[in-house]
K.L.:
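Input: one structure, supplied below.
Side chains included, hydrogens not; waters and symmetry mates left out as well; all remaining heavy atoms used. Below, read A as the first sequence line, B as the second, and so on, with proteins coming before strands; counting in each chain starts at 1.
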Protein chains: 2
Amino acid sequence: MTFAFDKERHRQGKGSEVEIFEAYLRQKGLKLTVPRRQLLELIFDDHSHFTADQLFDRCRERDVRISKATLYRTLAILTDCKLLSAHDFGGEAKYYEHVFGHEHHDHLVCLACRKIVEFQSPDIEKLQDQAAEELGFAPIHHSLAIFGVCAACAETAEGRKVIEEGQAGPTSVSD
Amino acid sequence: MTFAFDKERHRQGKGSEVEIFEAYLRQKGLKLTVPRRQLLELIFDDHSHFTADQLFDRCRERDVRISKATLYRTLAILTDCKLLSAHDFGGEAKYYEHVFGHEHHDHLVCLACRKIVEFQSPDIEKLQDQAAEELGFAPIHHSLAIFGVCAACAETAEGRKVIEEGQAGPTSVSD
DNA sequence: CTGCGTGCAAAGTATTTGCAGGGTC
DNA sequence: GACCCTGCAAATACTTTGCACGCAG
């Protein structure tokens with residue numbers, strides 16, 4: 001049987017992450033251990049987008065001693081039970097983000113400062129589903145990232161350079 | 001100066017890849033060597049989406065002896081001069097695709113057979129630019145991938161499993 | 001108690017880089 | 001002839017895995 005994903009509970013808001021996690025672990029015969037509980041708290045305390053490495057650093061800051069192995073293993077579980085989702089914005093590493101209690105959204109990524117901003121567009125969603133159906137695909141999920149330069153960076157030399165280069169060549173096409 | 005990207009020529013169609021490549025190399029003070037020429041031919045012969053590894057295999061098939069180092073270095077150049085673009089569809093490796101003579105498009109990725117289908121939607125493009133502007137971003141490029149199951153795979157057990165799992169959990173959430 | 005979980009270190013992947021000899025312009 | 005290129009192997013960066021011991025249920 002597939003994990004009984006409780007959409008009702010999923011809509012409730014903060015705090016229930018633990019419940020969902022516990023339920024998931026139980027039905028999988030897994031255990032709620034100290035490291036897992038700690039990670040859960042650290043993650044849902046406030047990060048919305050983070051890499052495995054950032055999370056690891058955060059552990060050290062808060063004196064939570066966990067190995068990277070456990071960290072990765074836990075991220076995998078959290079992704080499986082839909083508390084987190086993983087994205088790849090083309091940087092070095094994968095980004096994880098909260099899913100619980102969040103509407104689906106897409107991302108704007110600043111190529112100058114790597115800041116990530118979320119946005120929603122039901123219209124885009126609609127068009128996507130439409131496009132998928134036209135081509136005979138059963139859509140499951142999607143990932144849309146718009147890469148550009150944020151307002152703040154557009155003022156900087158770095159930001160301007162990125163924009164100018166973006167006009168002609170994507171990476172090191174300049175000079 | 002930014003690379004004088006010749007949009008006119010870029011619209012002409014097959015064959016001019018070599019010219020664009022040559023022009024780019026020349027103005028960068030780089031050289032048109034045998035390995036580079038061979039790779040260019042292999043790539044534009046027909047692959048539309050491929051990973052570095054697939055290209056490498058293809059080299060061996062056709063008795064083109066090139067090291068992976070050179071292969072990656074050449075892919076970087078081709079990406080810089082906009083003959084190729086790189087995407088990350090969440091699999092293990094990056095996918096490269098032809099840009100030359102292709103309108104911008106987005107992707108449908110079959111999660112069962114990994115087939116990639118292209119589609120275009122000017123309406124979606126428009127909404128994206130709009131969303132970016134609303135948030136103060138200067139959009140440079142974007143990447144939209146819809147993950148789902150293609151018509152053919154929807155008929156198979158594997159495809160159905162993926163769809164069912166997609167309803168509740170994304171990865172190994174089953175049984 | 002049984003079996004999953006943990007840390008550690010070693011193994012993997014995918015990609016990049018240093019270096020010495022070779023080829024292009 | 002100068003400088004860029006190439007292959008090779010070693011180096012990276014991120015993530016996964018094997019193993020022996022420890023803790024949750």
K.L.:
Reading DNA chain C from 5' to 3', where do the contacts with chain A start and stop? Cut-off is 4.0 Å to heavy atoms.
P.N.:
C:dG3 to C:dC8

K.L.:
May I have the distance from A:Q54 (atom CD) to D:dC14 (atom P), rounded to whole angstrom?
P.N.:
11 Å

K.L.:
Anything under 30° is parallel, anything over 60° is perpendicular, the rest tilted; go ahead and classify A:H142 against A:H104.
P.N.:
perpendicular

K.L.:
To the nearest 0.5 Å, what is the distance between CG on B:L42 and CD on B:E61?
P.N.:
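Here the rounded value is 9.5 Å.
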
K.L.:
Rounded to the nearest Å, what distance is computed from the CG atom of residue A:L71 to the P atom of nucleotide D:dT16?
P.N.:
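After rounding, the reported distance stands at 11 Å.
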
K.L.:
Apply salt bridge (charged side-chain N to carboxylate O under 4.0 Å, His left out) to A:R26 and A:E22, showing your working.
P.N.:
CA-CA 6 Å; A:R26 196 167 309 132; A:E22 279 185 30; 3.4 Å; yes

K.L.:
For DNA chain C, whose closest nucleotide is more 5', that of B:Y72 or that of B:V34?
P.N.:
B:Y72

K.L.:
Roughly how many Å is it from NZ in B:K28 to C1' in D:dC5, rounded to a whole number?
P.N.:
17 Å

K.L.:
After noting the C-alpha distance and the side-chain angles of A:D57 and A:R60, does the key distance pass the salt bridge (charged side-chain N to carboxylate O under 4.0 Å, His left out) rule?
P.N.:
CA-CA 5 Å; A:D57 286 345; A:R60 315 205 102 237; over 6 Å; no

K.L.:
Rounded to the nearest angstrom, tell me the gap between atom CZ in A:F50 and atom C1' in D:dT15.
P.N.:
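Atom CZ in A:F50 sits about 15 Å away from atom C1' in D:dT15.
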
K.L.:
May I ask you to check whether B:H87 and B:H49 show a side-chain donor-acceptor distance below 3.5 Å?
P.N.:
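Distance-only check fails for B:H87 and B:H49.
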
K.L.:
Atom CG of A:L30 to atom C1' of D:dC23: distance rounded to whole Å?
P.N.:
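These atoms are roughly 15 Å apart.
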
K.L.:
Of B:R73 and A:T74, whose closest DNA chain C nucleotide lies nearer the 5' terminus?
P.N.:
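Its nearest nucleotide being more 5', the pick is A:T74.
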
K.L.:
Does a side-chain N or O of B:T33 approach OP1 or OP2 of D:dC4 to a distance below 4.0 Å, or not?
P.N.:
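Negative; the distance criterion is not met.
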
K.L.:
To the nearest angstrom, how far is B:R65 atom CZ from D:dC5 atom C1'?
P.N.:
19 Å

K.L.:
Would you call B:R58-B:D46 a salt bridge at under 4.0 Å N-O?
P.N.:
yes

K.L.:
For the side chain of A:L32, starting at C-beta, report the closest nucleotide among D:dT17, D:dG25, D:dG7.
P.N.:
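In terms of side-chain proximity for A:L32, the closest of D:dT17, D:dG25, D:dG7 is D:dG25.
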
K.L.:
Should the ring pair A:Y95 and A:F89 be called parallel, tilted or perpendicular, given that the plane angle runs from 0 to 90° and is split at 30 and 60?
P.N.:
tilted

K.L.:
Does A:K31 get its side chain close enough to the base of D:dC23, under 3.5 Å, for a donor-acceptor pair?
P.N.:
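Counting by modelled atom types and ignoring angles, no donor-acceptor contact under 3.5 Å is found here.
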
K.L.:
Could you check how far OH of A:Y95 sits from P of D:dT15, rounded to whole Å?
P.N.:
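Value for this atom pair: 11 Å.
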
K.L.:
Specify the separation, in whole Å, of atom CZ of B:R26 and atom C1' of D:dC4.
P.N.:
16 Å

